[in-house]
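So you know, we letter chains A, B, ... as the sequences are listed, proteins then strands, and number each from 1.
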2 protein chains.
Amino acid sequence: MTARTSHDTAREIPEATVARLPVYLRALTTLSEVGTTICSSEDLAAAAGVNSAKLRKDLSYLGSYGTRGVGYDVDYLRYQIAREMGATRDWPVVIVGIGNLGHALANYSGFRSRGFRVVALLDADGQRHGEVVAGVVVRPFRDLRGIVREHGVAIGVIATPAASAQDVADQMVGAGITSILNFAPTVLNVGADVAVSKVDLSKELQVLAYHEQRKATQETA
Amino acid sequence: MTARTSHDTAREIPEATVARLPVYLRALTTLSEVGTTICSSEDLAAAAGVNSAKLRKDLSYLGSYGTRGVGYDVDYLRYQIAREMGATRDWPVVIVGIGNLGHALANYSGFRSRGFRVVALLDADGQRHGEVVAGVVVRPFRDLRGIVREHGVAIGVIATPAASAQDVADQMVGAGITSILNFAPTVLNVGADVAVSKVDLSKELQVLAYHEQRKATQETA
DNA sequence: AGGAGTTTGTGAACGCGAGAACAAAATCAC
DNA sequence: GTGATTTTGTTCTCGCGTTCACAAACTCCT
Ligand SMILES: NC(=O)c1ccc[n+]([C@@H]2O[C@H](COP(=O)([O-])OP(=O)(O)OC[C@H]3O[C@@H](n4cnc5c(N)ncnc54)[C@H](O)[C@@H]3O)[C@@H](O)[C@H]2O)c1
Ligand SMILES: NC(=O)c1ccc[n+]([C@@H]2O[C@H](COP(=O)([O-])OP(=O)(O)OC[C@H]3O[C@@H](n4cnc5c(N)ncnc54)[C@H](O)[C@@H]3O)[C@@H](O)[C@H]2O)c1
């Protein structure tokens with residue numbers, strides 16, 4: 001692979017690599033906060049919890065940002081990853097369904113610090129309208145279209161019950177949203193041009209329980 | 001592959017398959033609630049949002065629970081998957097860090113309905129002690145050891161800030177917990193006999209932002 | 001300047017998972 | 001009963017991701 005210039009962003013980055021870049025970004029931020037200016041792939045891999053060869057290969061998809069015999073400049077590499085990920089710009093986000101989870105998400109400072117700005121909190125329940133959460137007022141769900149247009153929102157978060165999720169997704173797509181983060185335990189049907197990411201909290205617990213179960217049955221065997 | 005009897009649980013199930021079993025379980029529950037008694041692999045695959053060949057291969061790791069030319073008995077298959085996953089028994093769980101996210105998790109009914117019972121809510125902040133969330137009182141973090149022993153807790157959930165997460169994990173392991181679900185954005189260092197599952201909500205958003213970014217730069221190219 | 005020591009970037013081997021395709025097994029029609 | 005039809009369980013192939021291993025490239029010391 002030849003060297004890449006900073007404006008050469010055309011190459012495909014494997015999905016598995018993309019999923020790890022945020023982890024590297026966080027590890028670099030931590031290193032930077034502790035005053036580290038240079039780090040080796042070994043150091044960074046340990047901080048990110050991955051194999052160092054994998055880390056180097058991942059970074060090689062972005063370009064050649066290290067120095068052999070030395071390592072990586074922490075802040076420089078961090079900027080390069082952030083730029084590639086789109087983390088150097090601000091992403092307006094709407095959250096739909098301001099119940100238990102929606103409140104937690106709205107209050108989460110980690111989104112803001114990573115470039116996501118909650119521009120609206122929407123709920124179908126009139127009882128919730130007018131409530132202010134983390135400085136943002138809860139508004140009716142029907143305001144979705146106007147908000148998306150006004151702020152150029154591309155990313156929507158669904159935190160409604162499963163029964164409403166498909167309907168909410170349809171309206172989001174209709175309003176112009178092209179990426180959805182879904183917390184409801186349902187499979188969403190959307191067009192191929194819409195990206196859906198699903199977070200299933202109880203699935204994670206169920207997988208852990210499976211391994212516990214296996215450990216137990218193997219011991220008694 | 002030969003037929004398997006119901007007590008033959010020794011075979012290794014691929015991790016990718018284990019991760020999908022909860023999805024199948026949920027799809028089967030939905031089908032059952034609508035009154036469906038028999039379904040084909042095609043039906044179930046559509047409900048779960050996967051390829052039907054993949055579904056059949058996944059199920060074949062558990063045993064041969066379908067009937068050729070007919071399909072699967074919904075309730076029977078659901079029971080078999082639940083048994084394999086350990087979902088037929090009750091799993092006591094402790095949640096540590098009852099802030100924004102901890103409150104949402106404590107209030108989440110989906111855990112209970114899938115066999116997880118929150119036996120304790122723990123927080124280091126004395127201000128929070130005594131508060132009742134979803135019928136469970138918030139107690140001091142130092143009670144962890146006693147609670148784990150008393151209830152035989154194997155699974156712990158970490159919802160504290162990142163700075164405290166490693167310490168909480170160490171104490172959990174010391175108290176006898178062997179599976180941890182971590183919501184803090186940190187890599188946890190634990191022994192090889194402890195399973196850690198990490199849920200990183202902002203990572204998911206960052207991956208979506210990356211794809212949005214790519215779409216945008218490709219259009220302008 | 002040159003050699004010793006480090007660390008990156010990448011070619012190559014390997015293993016796992018996804019999906020196509022098909023044989024085996026069950027039902028149904030008559 | 002027998003053939004047509006349906007649907008499962010499994011084999012086979014392909015591609016992706018992980019990891020090893022090493023040459024290339026850089027620094028540091030003398
Ligand atoms: N609370 C958790 O920790 C947790 C964990 C895992 C998954 N989830 C999932 O996240 C989702 C939300 O959970 P929750 O505990 O916050 O539920 P909740 O009932 O507390 O909140 C849901 C909110 O969505 C609103 N809503 C319902 N239909 C709507 C619609 N069509 N348009 C707009 N808003 C609508 C409701 O008014 C309510 O405010 C659920 O699907 C749940 O399964 C929650
Ligand atoms: N809120 C969200 O939606 C969200 C989203 C993604 C990730 N997270 C992550 O989840 C974690 C919790 O987020 P939050 O918004 O609930 O934070 P929070 O500050 O509201 O709550 C943290 C709680 O942990 C308690 N705590 C701190 N140190 C502790 C210790 N050593 N032992 C026991 N308890 C301790 C605090 O007293 C507090 O009650 C954070 O790591 C955050 O990054 C939260």
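- Contact check of residues 33-41 of chain B against DNA chain D (heavy atom, cut-off under 4.0 Å) returns B:Ser40, B:Ser41.
- Note on A:Arg26 versus B:Asp200: salt bridge recorded, some NZ/NE/NH1/NH2 to OD/OE distance being below 4.0 Å.
- OP1 or OP2 of C:dT10 has not a single side-chain nitrogen or oxygen of A:Arg68 nearer than 4.0 Å.
- Looking at the side chain of A:Tyr72, the nearest of the listed nucleotides C:dT8, C:dA26, D:dG17 is C:dT8.
- Atom CG of A:Leu59 is separated from atom P of D:dT18 by 14 Å (rounded to the nearest Å).
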Side chain to side chain contact (heavy atoms under 4.5 Å, CB included) between A:Asp75 and A:Thr37: does it pass, once the steps are laid out? CA-CA 7 Å; A:Asp75 287 329; A:Thr37 58; 5.9 Å; no

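- Side-chain contact, B:Asp167 with B:Ser164: no donor N or O sits under 3.5 Å from an acceptor N or O.
- Nucleotide D:dA25 holds its C1' atom 19 Å from the OH atom of A:Tyr65, rounded to whole Å.
- For B:Tyr72 and B:Tyr65, the ring centers are positioned 6.0 Å apart or more.
- Nucleotide C:dG17 holds its C1' atom 8 Å from the OH atom of B:Tyr61, rounded to whole Å.
- At C:dG17, none of the side-chain N or O atoms of B:Asn51 fall inside 4.0 Å of OP1 or OP2 (strictly under the cut-off).
- Ranking C:dG9, D:dT10, D:dT18 by closeness to the A:Lys54 side chain, first place goes to D:dT18.
- Atom CD of A:Glu12 and atom C1' of D:dG15 are 15 Å apart (whole Å).
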B:Arg20 and B:Glu15: salt bridge (charged side-chain N to carboxylate O under 4.0 Å, His left out), yes or no, with the steps?
-> CA-CA 9 Å; B:Arg20 282 187 293 268; B:Glu15 203 58 33; over 6 Å; no

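- Residue A:Lys57 contributes atom NZ, which lies 11 Å from atom P of D:dG17 at whole-angstrom precision.
- Between A:Arg20 and D:dT18 there is a side-chain N or O to OP1 or OP2 distance below 4.0 Å.
- A salt bridge between B:Glu12 and A:Arg214 is present, with a side-chain N of the basic residue lying under 4.0 Å from a carboxylate O of the acidic one.
- In this structure, A:Glu15 atom CD and D:dG15 atom P are separated by 19 Å, rounded to whole Å.
- Aromatic ring centroids of B:Tyr76 and B:Tyr79 lie 6.0 Å or more apart.
- Taking atom CG of B:Leu55 as the reference point, atom P of D:dG9 lies 10 Å away to the nearest angstrom.
- Going from atom CG of A:Asp58 over to atom C1' of D:dT19 covers 12 Å, rounded to whole Å.
- In terms of phosphate contacts, B:Thr67 brings no side-chain nitrogen or oxygen within less than 4.0 Å of OP1 or OP2 of C:dA26.
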